[in-house]
Amino acid sequence: MKRRIVLTGAFIGMIAIILGAFGAHLLKKYLSVEELNTFEVGVRYQMYHAMFLLFLSTRKEIAEKTLKTIYSLVVAGVLLFSGSIYLLATKSLTVFDFKIIVFATPLGGFLLIFAWALLFLTILRRKS
């Protein structure tokens, strides 16, 4: 499980860097400052959670089942939160109305918050 967490964290981090460069260099020509700032929020939160996964992989005191749950919450949260932000920020470049996926952003955010809360409660309940 820890190998999967490290690999996923590294992959999510790599994609965040690629998307950040894509936004800074290529999308700059096509998006407004506000849209670029929105896109950057998705990149930033994706990178935060890549680092979170890498940190999570180092924790020895967390049960395997809890690790899997936190991992699943983070992966789903990043896909929904950052993914929907990328789509919403670039909606002016397509004909598809991405407003129908606007629910994905808060749902993804909730999953990310829940992952952090689960880590917090797991460590809090653990006896020193």
Side-chain angles (χ1 to χ4, degrees):
M1 185 66 207
K2 292 194 181 210
R3 181 178 179 342
R4 180 187 300 170
I5 292 171
V6 171
L7 288 171
T8 304
F11 181 76
I12 288 174
M14 177 186 69
I15 297 300
I17 291 170
I18 291 168
L19 288 172
F22 179 70
H25 299 292
L26 296 174
L27 291 179
K28 186 162 128 178
K29 299 173 189 173
Y30 305 103
L31 299 181
S32 69
V33 172
E34 183 180 325
E35 289 168 327
L36 281 173
N37 287 338
T38 299
F39 192 88
E40 176 58 34
V41 168
V43 171
R44 193 173 340 133
Y45 276 80
Q46 182 172 331
M47 184 56 81
Y48 292 158
H49 288 87
M51 301 305 288
F52 179 70
L53 287 174
L54 295 175
F55 167 77
L56 186 65
S57 73
T58 68
R59 308 312 310 159
K60 293 177 171 63
E61 70 272 35
I62 301 173
E64 188 82 7
K65 183 178 177 184
T66 305
L67 271 177
K68 286 180 182 180
T69 302
I70 294 171
Y71 169 82
S72 298
L73 289 167
V74 170
V75 171
V78 166
L79 286 173
L80 290 171
F81 184 81
S82 291
S84 64
I85 286 179
Y86 298 141
L87 293 174
L88 291 167
T90 58
K91 69 180 181 250
S92 64
L93 302 178
T94 67
V95 294
F96 185 75
D97 184 12
F98 288 108
K99 289 183 181 179
I100 63 171
I101 58 132
V102 75
F103 71 90
T105 309
L107 177 58
F110 173 76
L111 295 175
L112 295 172
I113 291 166
F114 192 65
W116 282 93
L118 183 55
L119 175 64
F120 177 80
L121 292 172
T122 300
I123 300 298
L124 182 66
R125 290 179 180 159
R126 182 142 177 97
K127 305 254 192 247
S128 299

With sequence neighbours left out, write down each residue that passes salt bridge (Lys or Arg N to Asp or Glu O under 4.0 Å) with Arg59, or none if nothing qualifies. Glu61
Do other residues, nucleotides or ligands put more than 12 heavy atoms under 6.0 Å from the CZ atom of Arg44? yes
Yes or no on side-chain contact (heavy atoms from CB on, under 4.5 Å) for Ile5 and Phe55, after CA distance, side-chain angles and deciding distance? CA-CA 9 Å; Ile5 292 171; Phe55 167 77; over 6 Å; no
I'd like to check Leu111 versus Phe81 (side-chain heavy atoms, cut-off strictly below 4.5 Å). Are they in contact? no
For the residue pair Ile85 and Phe39, establish whether any side-chain heavy-atom pair is separated by less than 4.5 Å. no
Please identify each residue that fulfils side chain to side chain contact (heavy atoms under 4.5 Å, CB included) with Ile113, with sequence neighbours left out. none
Atom CE of Met14: over 12 foreign heavy atoms under 6.0 Å: yes
Given side chains that start at C-beta, do those of Val43 and Tyr86 come closer than 4.5 Å, heavy atoms only? yes
Under a single-linkage definition using a 4.5 Å side-chain heavy-atom cutoff for Ile, Leu, Val, Met, Phe, Trp and Tyr, are Leu88 and Ile100 assigned to the same hydrophobic cluster? yes
Do the non-hydrogen side-chain atoms of Met47 and Ile12 ever get within less than 4.5 Å of each other? no
Of all residues at least two apart in sequence or in a different chain, which pass the side chain to side chain contact (heavy atoms under 4.5 Å, CB included) check with Leu87? Phe98, Ile101
Taking every heavy atom of Ala50 against every heavy atom of Gly9, the minimum-distance pair comes out as CB-O, 3.3 Å
Using the rule that Ile, Leu, Val, Met, Phe, Trp and Tyr join whenever any side-chain heavy atoms are under 4.5 Å apart, tell me whether Val78 and Met1 fall into a single cluster. yes
More than 12 foreign heavy atoms under 6.0 Å from NZ of Lys28: is that the case here? no
For the residue pair Phe103 and Leu80, establish whether any side-chain heavy-atom pair is separated by less than 4.5 Å. no
Is it the case that the side chain of Ser82 and the backbone of Leu79 share a donor-acceptor pair, with hydrogens and angles ignored and the cut-off at 3.5 Å? no
Nearest-0.5 Å distance that lies between atom CD in Gln46 and atom CD1 in Ile18: 10.0 Å
Which pair of heavy atoms, one from Val75 and one from Thr8, lies closest together, and at what distance? CG2-CG2, 3.8 Å
Using the side chain to side chain donor-acceptor pair (under 3.5 Å) criterion, which residues pair with Thr38? Sequence neighbours excluded. none
Roughly how far, to the nearest 0.5 Å, is CG of Leu67 from NZ of Lys65? 13.0 Å
Would you say the side chains of Thr122 and Thr66 form a donor-acceptor pair under 3.5 Å? no
Atom CD of Glu64 with >12 non-hydrogen neighbours under 6.0 angstrom: yes
Phe110-Leu112 co-clustered via ILVMFWY side chain contacts under 4.5 Å: yes
Applying ring pair (Phe, Tyr, Trp, His ring centres under 6.0 Å) to Tyr48 and not counting sequence neighbours gives Tyr45
Using a 3.5 Å distance criterion without hydrogens, assess whether the side chain of Ser57 forms a donor-acceptor pair with backbone atoms of Leu54. yes
Do Val6 and Leu53 come within less than 4.5 Å of each other through their side chains, counting heavy atoms only? no
With heavy-atom distances below 4.5 Å as the criterion, would you say the side chains of Leu93 and Leu31 are in contact? yes
Sub-3.5 Å donor-acceptor pair from the side chain of Ser32 to the main-chain atoms of Glu35, do we have one? yes
Let me check something: do Leu118 and Phe120 share a hydrophobic cluster, defined by ILVMFWY side-chain heavy atoms less than 4.5 Å apart, either directly or through other members? no
Under the ring pair (Phe, Tyr, Trp, His ring centres under 6.0 Å) rule, what pairs show up with a residue in residues 56-78, not counting sequence neighbours? none
Using the rule that Ile, Leu, Val, Met, Phe, Trp and Tyr join whenever any side-chain heavy atoms are under 4.5 Å apart, tell me whether Ile15 and Leu56 fall into a single cluster. no
Trp116 and His49 aromatic ring geometry - parallel, tilted or perpendicular at 30°/60° bounds: perpendicular
